[in-house]
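One structure is given below, encoded as C-alpha cells.
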Number of protein chains: 2
Amino acid sequence: MSTPLEKARRDPESMKARILDVSRRIFGEYGFHGTTTRMIAQEVGIDISTLHYHWGGKKDLYESVVIDINKDLRQKLIEVEQRIHSLPLGERLDISIDMTTDYLFEHPEVSNLILFRYFGKTRSDGNLDAIIPEFTADIARSMGLALDKKNVPPETMMKVLAVMNSIHNFISGENFFRPMVKADRERYIALVKETLKFILIPAFTQNEAI
Amino acid sequence: MSTPLEKARRDPESMKARILDVSRRIFGEYGFHGTTTRMIAQEVGIDISTLHYHWGGKKDLYESVVIDINKDLRQKLIEVEQRIHSLPLGERLDISIDMTTDYLFEHPEVSNLILFRYFGKTRSDGNLDAIIPEFTADIARSMGLALDKKNVPPETMMKVLAVMNSIHNFISGENFFRPMVKADRERYIALVKETLKFILIPAFTQNEAI
DNA sequence: TTATTTATCCATCAAACGATTGAATCGCAG
DNA sequence: CTGCGATTCAATCGTTTGATGGATAAATAA
C-alpha cells in the first residue's frame, strides 16, 4: 500500500509531485482560504479536474502538503543533529542557526505554512499537527536541554518554541522586514543569522562554564 | 470631517463600533480570506447589508480594523514608554515585557492581525502598514538602542523585530502552544513572561556594566 | 489487434460569497 | 400629526469556488 504523497515523492517528475510542489508554495503564501484550486491548477498549467483526479480535493491536498513539509523539516533536523552532536553548547547553537536558516531560506514555504498553522484558524480543521510537540521535544534533547524526549519540562518546551519561532518569523516575514532594513537578500540573510545569534546564544550559555 | 473609524470610536455603543470590535476578533482568528462578511454579521446579530451600509465593504472594513489595531498598539507603546522612561535597561526590559504581554493577552486579536499581515498575503493588498517601521524605530529608541528614531541601524531594527515577534508569537499561538506545555491560561502567561525574559534580557544586558 | 486502464481536458453544477436594491422601521424636528 | 433623514432587513443578483461527469486520447495489457 502507498499513499498519494508517497507516490508523488517517488517520482519527482510526476503530475502528483508537480501539483504538490506548487501547492506548497501557494498554500504557504496565501494560506488555506486564500488559495483556490484554480490558482494551483493555473500555476501548474493543468485543468482543475486533473488536480482533483490526483489529489481528491482541496482539503486532501492541503493535508498532504502539511504532512510533506513536516517530513522535510524533520529530515533536516536529523541532519542538523548529526552535524552538531557532541559539540559544546555555544557551537551547537551557532551551527544549528546557520544550517536551519540556510535551509529555510531555500524553502520559505516551510516556515510560511508552519506559522499559518500556529496562528491562523481554518473554518473546519482537524488536528493535523500532533507531530509538532514531538519535534519540539526532539530539538530540546538535541540542544542538550533535556536528557530524553519524554517528560521535557514546560520551561524547556517554551524556550525551544521561542527559538524556532524566531527563525520562522524572519524567513516568513522577509517581504515585510527586508524593505524595513533596506537590505538585499544576501545581506538580509546575514542580518537574520547575526540577530538570532545575538538574541539566543547569550540566553542559553549564560550559566555555562566558559 | 471624520472617518467612519473615528465615528465608531467616539460612540462605543454604536453599530459601527460593535461591528468593528467583532471584526477585529474574527479577522484576527481567520484572516482576511478566512473571514466572511456573513460570519461577522451573524456574530454581531445583524444582516449583512447593515454591515455594508456602515463600512462599505469587506475590504474597507478590514482596512479600518488594521488601522484601528495599529492605533491601539501605538497608544499602548506610549504608555509603556512613559512608565519605564529613565530606568536602567534591565528593568526597562522587564517592565516592558510584563506590560506588553499583559496588554496583548487581553487583546490577542492585535497580535493575531499583526502576524497575519507579516506572514500572509492577501490576493489584492495595498501597503497598509507604513506605520510599522516607525513603531519599530520608536521601540528602538525607547529601549535605549538608538538615540533618535531617524537612522536606526538595520542591526538594531532586526533586534527590535525579534523582540516584538517573540511576544506576538506566544500570544497568538496560545491555542497551539498551551496544550503542548499542559498549562492553564494563568500558568501559560507566567511561562511566556519567564521565557521572554530568559531569552531577551541576557542578550541586551550582556555588555552592560552591572 | 483489441480491450482496458490511466490521464487529461471541456463543460457544467450547486453552494457560498460579496454586494446591491427597495421596502420597512425608527427617531425626531417642524 | 407630518415629513425626512438615518438605519435595518428581506430578497436577490452576479461571481467565484470546490467539485463532478463525460468525452477523448494515450499508454498498457491481453
Side-chain angles (χ1 to χ4, degrees), chain A residues 1-23 26-27 29-66 120-126, chain B residues 1-23 26-27 29-66 120-126:
Chain A
M1 221 181 72
S2 103
T3 65
L5 183 58
E6 289 163 348
K7 262 186 209 162
R9 283 295 166 236
R10 263 201 300 279
D11 179 7
E13 302 298 319
S14 68
M15 183 56 71
K16 273 191 173 52
R18 286 172 56 204
I19 296 173
L20 189 68
D21 287 334
V22 170
S23 299
I26 301 194
F27 275 127
E29 285 184 19
Y30 296 95
F32 180 78
H33 291 297
T35 301
T36 69
T37 52
R38 281 171 174 81
M39 289 166 66
I40 299 174
Q42 188 177 13
E43 189 79 8
V44 180
I46 54 169
D47 190 87
I48 348 168
S49 52
T50 303
L51 184 148
H52 278 81
Y53 172 78
H54 285 286
W55 290 101
K58 182 185 183 183
K59 208 171 170 182
D60 308 273
L61 176 54
Y62 178 69
E63 292 186 2
S64 295
V65 165
V66 172
K121 278 188 191 168
T122 307
R123 270 176 251 159
S124 69
D125 202 3
Chain B
M1 222 181 70
S2 102
T3 66
L5 183 59
E6 289 163 348
K7 263 186 205 161
R9 282 295 167 234
R10 265 200 301 278
D11 179 7
E13 302 298 318
S14 68
M15 184 55 72
K16 272 190 173 54
R18 286 172 56 204
I19 296 173
L20 189 68
D21 287 333
V22 170
S23 300
I26 300 193
F27 274 128
E29 284 184 19
Y30 297 94
F32 180 79
H33 293 295
T35 301
T36 69
T37 53
R38 283 172 173 82
M39 289 166 66
I40 298 175
Q42 188 177 15
E43 189 79 7
V44 179
I46 55 170
D47 191 89
I48 348 167
S49 50
T50 304
L51 185 149
H52 280 80
Y53 171 78
H54 284 285
W55 291 102
K58 185 185 183 183
K59 207 171 169 182
D60 307 274
L61 175 55
Y62 178 69
E63 291 187 2
S64 295
V65 165
V66 172
K121 278 189 191 169
T122 307
R123 271 175 253 160
S124 68
D125 203 4

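Order of the sequence lines fixes the chain letters, A, B, ..., with proteins taken first and strands second; residue numbering starts at 1 for each chain.
Within the structure, every side-chain polar atom (N or O) of A/Y53 is placed at least 4.0 Å from both OP1 and OP2 of C/dT8. Side-chain N/O atoms of A/T37 include one lying less than 4.0 angstrom from OP1 or OP2 on D/dG18. A/R18 has no side-chain polar atom (N or O) that falls below the 4.0 Å cut-off from OP1 or OP2 of C/dA7. At D/dT8, one or more side-chain N or O atoms of B/H54 fall inside 4.0 Å of OP1 or OP2 (strictly under the cut-off).
Checking C/dG18, D/dT17, D/dT8 against every side-chain atom of A/R38, the shortest atom distance belongs to D/dT17. Residue A/I46 has its side chain nearest to C/dC9 when only C/dC9, D/dT8, C/dT8 are considered. Of the candidates D/dT7, C/dG18, D/dG18, C/dG18 carries the atom nearest the B/K58 side chain, counting heavy atoms from C-beta on. The side chain of A/H52 has D/dT20 as its nearest neighbour among D/dT20, D/dT8, C/dC17.
A/R38 places no side-chain N or O within donor-acceptor distance of the main-chain N or O of A/I48, the cut-off being under 3.5 Å. No donor-acceptor pair under 3.5 Å is formed between the side chain of B/H52 and the backbone N or O of B/T37.
The nearest whole Å value for the distance from the CH2 atom in B/W55 to the P atom in C/dA19 is 15 Å. Note: CD (A/Q42) to P (C/dC10) measures 13 Å, nearest angstrom. C/dA19 atom C1' lies 14 Å from atom CG of B/L61, rounded to whole Å. One atom, CG of B/L51, and another, P of C/dT20, lie 12 Å apart when rounded to the nearest Å. Between B/M15 atom CE and C/dT25 atom P the separation is 17 Å, expressed in whole Å. Rounded to an integer number of Å, the gap from A/D47 CG to D/dT24 P is 16 Å.
A cation-pi arrangement is present between A/K58 and A/F32, with the terminal nitrogen or guanidinium carbon under 6.0 Å from the aromatic centre and inside a 45° cone about the axis.
Residue contacts shown for A/I48 include a base, since a base heavy atom lies under 4.0 Å away. Within 4.0 Å (heavy atoms only), B/T36 reaches sugar-phosphate atoms of the nucleic acid but no base atom. Across all strands shown, A/S14 has no heavy atoms under 4.0 Å from either base or sugar-phosphate atoms.
Applying the 3.5 Å distance criterion, the base of D/dA10 shares a donor-acceptor pair with the side chain of B/S49.
The CD atom of B/Q42 sits 13.0 Å away from atom CG of B/L51, with the distance rounded to the nearest 0.5 Å.
Counting heavy atoms from C-beta on, the side chains of A/H54 and A/L20 never come closer than 4.5 Å.
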